[in-house]
Amino acid sequence: MNSMKIRRTAIAVAAAALLPFSLAACSDSGSDTEGAPAAASEDAAKTGESTPAGDSMTGDQPFGPACAGVPREGAGSFDGMAKDPVATAASNNPALSTLVTAVKKAGLVDTLNNAKDITVFAPTNDAFAKIPKADLDKVLADKATLTKILTYHVVGQKITPAQLQNGSFETLQKGMVTTSGSGESYKVNDTAKVVCGDVKTANANVYIIDSVLMPK
């Protein structure tokens, strides 16, 4: 009998202890829905879904479809190019071999490598291929004309992606280039698309473009 009384007493005590928590849970049922947005925002932050697309996506990282073709390791990788001055860095990127040949023919290797804080709009091999071969060969053989064209691709300051949105910049050739766009889509002179932008070298920001710019 004593054990039965003890058991009943224990059950009664437990029920009395649990009752307040049960009532509190019922009264707080509405607060759960209020907390849902906060939980959802935390989940979004973990997955990165809450980050808007745009300039913040570029940050200090190269951007654009052609960036996928850059080697992941070695001198021609983004990390490798960041360690070398711009002409040397470009020589390690297979997609820029025609540009490098042109720079050498114009005698601009040392000029570009020794310059400080510049921006280079670097045409790809495919960009040069758009020019008829006879015309390209003629330009490559004319040092003065070649120098004008190449220095038109160089600006004497480091340009950030944000500055490309609606920009106008004087080149080393003394002509002007204009830029426009947003997010990860930019054009130079309304003709050349940036296919891999904000590539860092030791002394320059490089924007790889899909067309050769011609001085106006």
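The hydrophobic clustering, which links ILVMFWY residues whose side-chain heavy atoms are closer than 4.5 Å, places Leu146 and Leu112 together. Linking ILVMFWY side-chain heavy atoms closer than 4.5 Å, directly or via other members, places Tyr186 and Phe121 in a single hydrophobic cluster. If you chain together hydrophobic residues whose side chains sit under 4.5 Å apart, Leu108 and Leu96 fall into the same group.
A donor-acceptor pair under 3.5 Å is formed between the side chain of Asn113 and the backbone N or O of Ala87. Remark: side-chain polar atoms of Asn203 are paired, donor with acceptor, to backbone N or O of Val86 under 3.5 angstrom.
Put simply, the side chain of Ile159 does not reach to within 4.5 Å of the side chain of Asn205, judged on heavy atoms. Contact annotation: the side chain of Thr171 never approaches that of Val154 to less than 4.5 Å [non-hydrogen atoms, C-beta and beyond]. Between Thr119 and Phe169 the shortest side-chain heavy-atom distance does not fall below 4.5 Å. Contact check for Val70 versus Phe78: side-chain heavy atoms found under the 4.5 Å cut-off. With contacts defined as side-chain heavy-atom distances shorter than 4.5 Å, the pair Asp198/Tyr207 qualifies. Taking 4.5 Å as the limit, some side-chain heavy atom of Ser180 sits within range of a side-chain heavy atom of Asp190.
Annotation: the span from Gln163 atom CD to Ser168 atom OG amounts to 12.0 Å, rounded to 0.5 Å. Taken from CD in Gln173 to CD1 in Ile149, the straight-line distance is 9.5 Å, to the nearest 0.5 Å. Atom CG of residue Asp142 and atom OG1 of residue Thr147 lie 8.5 Å apart, to the nearest 0.5 angstrom. How far NZ of Lys83 is from OG1 of Thr88: 14.5 Å, rounded to the nearest 0.5 Å.
The two atoms that bring Thr179 and Leu164 nearest to each other are OG1-O, 3.0 Å, heavy atoms only. The minimum heavy-atom distance linking Pro94 with Asn92 is given by the pair CD-O, 3.5 Å. Across Ala89 and Thr201, no two heavy atoms sit closer than the pair CB-CG2, 3.8 Å. Closest approach of Ser77 to Gly74, counting heavy atoms only: OG-O, 2.6 Å.
Under a cut-off of 6.0 angstrom, the local environment of NZ in Lys138 is sparse, with at most 12 non-hydrogen atoms contributed by other residues, nucleotides or ligands. In the displayed structure, Asn166 atom CG is contacted under 6.0 Å by at most 12 heavy atoms of other residues, nucleotides or ligands.
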Requested in this report: List the steps, then state whether side-chain contact (heavy atoms from CB on, under 4.5 Å) holds for Leu150 with Leu99.
Outcome: CA-CA 9 Å; Leu150 292 176; Leu99 173 62; 3.8 Å; yes

Show me the donor-acceptor pairs within less than 3.5 Å that the side chains of residues 208-216 make with the rest of the protein, sequence neighbours left out.
residue, atom, partner, partner atom, Å
Asp210, OD1, Lys193, N, 2.8
Ser211, OG, Lys130, NZ, 3.0

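In this structure, the side chain to side chain contact (heavy atoms under 4.5 Å, CB included) partners of Glu170, at least two apart in sequence or on a different chain, are Lys174, Met176. Among residues two or more places apart in sequence or in another chain, the side chain to side chain contact (heavy atoms under 4.5 Å, CB included) test is passed with Thr98 by Asn125, Phe128.
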